[in-house]
Amino acid sequence: MLRLRSTLLILVGVCVNCLDAFGESRSYEDRLTFRVYSPSVQQQLNNKTALLELRTQINKLHDAEFLKELALSNDNFGEQGSGLFADINNVSDTCREHWNRTITGLLRSEFWAFKMLDASGKIGAGILEGHTKWMGSYDECFRIDRTLPGMPPSNSGFSTQFCGMRTKVTLGYIPLEIDFAACVPKACSPKDLTILYNDLLKRLPTQNPVRVYGTFCKEDQEIDSRAVVAIVILGIFAALMFVSTVYDLLIIQRQRHTAERTKSEILSEHTASVGEKSPLLISHEKKLAPKQDSVAERLLLAFSVYSNGKKILQVNQSAGTLTALNGIRFLSISWVVLGHTFAFITPVLSNSYVVLPDLIARWTFQAVANALVSVDSFFALSGLLLAYLTLKEMKKGQGKFRINWFMFYFHRFWRLTPVYMLLMMISICLSRYFGDGPLWPDQGMEVNYCKDTWWKNLLYINNLFNEQSCFGVSWYLANDMQFFLLSPLMLIPLYFYFPGGIVICIVWLLGSAITPGVVSNVLDLPPSTVGGGGTAQGRADYFSYYYIRPYCRMGPYIVGIIVGSFLYKTDCKVKINKYLNLLLWLVFATLAVVVLYGLRDPISFPEDALSRDVSALYNATHKIVWGACVCWVIFACATGNGGFINTLLSWSPFVPLARLSYCIFLSHFMIISTYFDSQKSLLYMDDLNAIYVFLATLVLSVMVAFVASLSFEAPMMGLEKVIFKRDRRN
């Protein structure tokens, strides 16, 4: 309800226009997009003066003693009493009665009236460091009539509501819409409150009075039809999980335990009767044929929490598994969570003007500021694993097409879609009930409940449109699915004629480098979402026209396919001279450092910003280079040239964590948004608080992902295995 629409953020002489008003749903694109301009020194001084003057007026508006003096002054005292009463205002009768009762209570020094003013927003210290959201005390506003121990009785006689008053102030040449909180009678409509507050503001002794241009109030969240449908669906899943788990534990596991015990007893009897040195041969009559579960039983057991939990948490892996992928997957998803944590925390900081310039200036922070390449790690992993496993499957297959291409596509769709759609349903239908507070968006986390965009997510085409997408992180899934659809155009040539397949992949790779370079040059895009070059319009276009587009993101995926095909061709048996191996590690490590830390000066110092051509070159190549660095790590570890790095990345606890990486990716956005949007006061950012917020977010994301995997992902994969008789794959 109360969100500063355009908070001023100074990044080393650069002013960032922050996002959306309090209480409005913010899209994923808006959270990651910064619009910047460079104010002059005089403009910055004028900005500070305007904010300080605004602070004076708002604080007087909610100062009890000042309002009492104002109410009793000769200039505001008419025939019918104080001019602060609503008798002459065009408001509803009930609103007028409750407003007048509030003014009367204030004049009589009644405790509840002071509590209403105390709960309203006032501008405190740190305004010049970014403390520009004046949210008041949200909970106190709804506890006006609660009498506290040792305090005077509090009884207003009416209900209160928490509202935001929107006013305007011009900073430099940017008009900002600034909101401040107010605890007011619930009987007053937003229109009534706009009239009353403007009447009150014009009575303040100031040469530059402010004016309220709009009022919006927090409404009670009622369970709607969307929520009912979502709750019913989730209830069905919960019931299936309960029944399946009970049946598994009481019937299936007991039968298996009995069978194992019987088998052990038979072996013991046989050994005792024929002697320990005799071969352990059991007569045909005593052999125990394993009981085969029926199809109905296996369908039901697909939802068993016990069995699925064991599968998720097991650390054993089959021979031929690329074990280093587990560590890379979990570390990469942790990096994604880290980047999103910092990206989404900005609007709720009380010291954003100071802390962000300090962070951007650090070399170490470039790993966060440039965390966008963490997604390219997943593209490279996806392409590499796809090529490696598919080519091995084609080798085992028979017939002209080698594998069932329908199942090739269906398995991918079934692997991604059910848990994706179910978590998106939760975000659309239930997220509005996750929290409460002045920052909490009335519609929840999705803009307009995704009424017009959800079907694009289902078809995996949501990254092809410029409009605000549904379930923001899903742009990655759309790209990954589109790359998967095109992958046979490279995989089939690689299998039947490897040199020709490599040539085709290189052509694709050249196209994936030239296209983003051209797009970047034409639109004058920056090299990063936080700047470093480009025009203001280019920075606004970065996300929609470059960041999420498949033709700008396919490079690392193709690199992964090429490296995966080499692993298949060599059967992961490549002997590299130790000096050459060390040189390759040094080269790829240097390239990774250049990609990750090379933008520090262009981002931190506007005078060092990259030119249009250099930005285009960076946008054309850096994702491909990063993908190559990630693929080298996998290739070296898989072929026995990884040393201690392979040991670290193959650590067994990474195995279950890597299995949860997909659900972590889908759910962490909701966890971050829930925490930040439910804040009832601003956060002070320093290194220690940032570490705590990130680690807490990561741990909660893993926990929620485990529940999501148990509830949705694992059962869907189990159903596919039963229906299509697919063998379980890692």
Side-chain angles (χ1 to χ4, degrees), residues 28 31-32 237 305 308-309 311-315 317 323-345 367-368 371-382 385 412 415-427 430-431 434 445-446 457 470-481 630 649 651-676 690-717 730:
Y28 179 82
R31 292 175 187 261
L32 293 185
F237 272 89
V305 173
N308 289 334
K311 294 174 184 176
I312 293 173
L313 296 176
Q314 70 177 5
V315 297
Q317 298 185 90
T323 55
L325 264 67
N326 296 316
I328 295 176
R329 287 169 66 185
F330 179 70
L331 294 177
S332 295
I333 196 61
S334 300
W335 194 8
V336 171
V337 174
L338 175 65
H340 282 161
T341 300
F342 274 91
F344 299 162
I345 198 175
V368 178
L372 306 178
V373 294
S374 60
V375 181
D376 296 297
S377 299
F378 280 104
F379 284 136
L381 289 176
S382 184
L385 200 58
R412 187 63 176 177
R415 166 73 176 86
L416 298 181
T417 307
V419 63
Y420 167 30
M421 289 293 110
L422 286 164
L423 288 176
M424 190 174 78
M425 176 196 70
I426 293 174
S427 181
L430 299 177
S431 66
F434 285 179
M445 299 173 189
E446 306 299 339
N457 293 67
C470 179
F471 204 69
V473 295
S474 62
W475 70 267
Y476 166 82
L477 300 178
N479 277 279
D480 188 77
M481 181 62 77
V630 173
L649 295 177
W651 188 38
S652 59
F654 281 141
V655 177
L657 292 172
R659 291 194 185 102
L660 296 175
S661 60
Y662 179 49
C663 287
I664 293 174
F665 178 77
L666 292 175
S667 62
H668 80 280
F669 173 75
M670 289 188 283
I671 294 170
I672 294 174
S673 298
T674 298
Y675 176 68
F676 290 147
I691 292 171
Y692 268 84
V693 171
F694 162 65
L695 291 179
T697 302
L698 182 61
V699 171
L700 282 174
S701 297
V702 172
M703 294 170 64
V704 172
F706 182 68
V707 174
S709 184
L710 279 178
S711 305
F712 309 132
E713 185 181 27
M716 294 300 105
M717 298 305 296
N730 191 351

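Contact check for Val702 versus Ile664: side-chain heavy atoms found under the 4.5 Å cut-off. Inter-residue side-chain proximity for Met716 and Val419 is flagged as unmet; no heavy-atom pair is nearer than 4.5 Å. Looking at Glu713 and Leu660, their side chains never come closer than 4.5 Å, going by heavy atoms from C-beta outward. Residues Ser332 and Phe378 have side chains in contact (heavy-atom distance under 4.5 Å, counting atoms from C-beta outward). Taking the side chain as every heavy atom from C-beta outward, Asp480 and Arg412 approach each other to under 4.5 Å. Side-chain contact between Cys470 and Met424: present, with at least one pair of heavy atoms (C-beta onward) separated by less than 4.5 Å. The side-chain heavy atoms of Val336 and His340, taken from C-beta on, include a pair separated by under 4.5 Å. Residues Met670 and Val704 fail the side-chain proximity criterion, which asks for heavy atoms closer than 4.5 Å.
To the nearest 0.5 Å, the span separating CZ on Phe712 from CD1 on Ile426 amounts to 4.5 Å. Remark: Thr674 OG1 to Phe669 CZ distance equals 9.5 Å, nearest 0.5 Å. The CZ atom of Phe706 sits 15.0 Å away from the OG atom of Ser701 when rounded to the nearest 0.5 Å. Between atom CE of residue Met425 and atom CG of residue Leu430 there is a gap of 6.5 Å, rounded to the nearest 0.5 Å. Taken to the nearest 0.5 Å, the CG atom of Leu325 stands 9.5 Å off from the CD atom of Gln317. One finds the CG atom of Leu423 at 12.0 Å from the OG atom of Ser474 (value rounded to the nearest 0.5 Å).
The aromatic rings of Phe471 and Tyr420 sit tilted relative to each other, their planes meeting at an angle between 30° and 60°. Classified by interplanar angle (parallel below 30°, tilted 30° to 60°, perpendicular above 60°), the ring pair Phe654/Phe330 is tilted.
A donor-acceptor pair is defined here as one N or O able to donate and one able to accept, closer than 3.5 Å; such a pair exists between the side chain of Arg659 and the backbone of Gln314. In this structure, the side chain of Ser661 engages the main chain of Ala658 through a donor-acceptor pair within 3.5 Å. Between the side chain of Tyr662 and the main chain of Leu416, a donor-acceptor pair closer than 3.5 Å is present. At distances below 3.5 Å, not a single donor-acceptor pair connects side-chain atoms of Trp651 with backbone N or O atoms of Asn326. When atom types are taken as modelled, the side chain of Thr341 and the backbone of Val337 share a donor-acceptor pair closer than 3.5 angstrom.
In this structure, Ala324 and Leu649 approach most closely via the heavy-atom pair O-CB, 3.7 Å. Closest heavy-atom contact between Trp335 and Ser374: CE3-CB, 3.4 Å. Residues Ser667 and Ala705 approach most closely at OG-N, 4.2 Å, considering heavy atoms.
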Could you walk me through whether Phe694 and Phe342 pass the ring-ring contact (aromatic ring centres under 6.0 Å, His included) test, one step at a time?
CA-CA 8 Å; Phe694 162 65; Phe342 274 91; 8.2 Å; no
Could you walk me through whether Met717 and Asn308 pass the side-chain contact (heavy atoms from CB on, under 4.5 Å) check?
CA-CA 10 Å; Met717 298 305 296; Asn308 289 334; over 6 Å; no
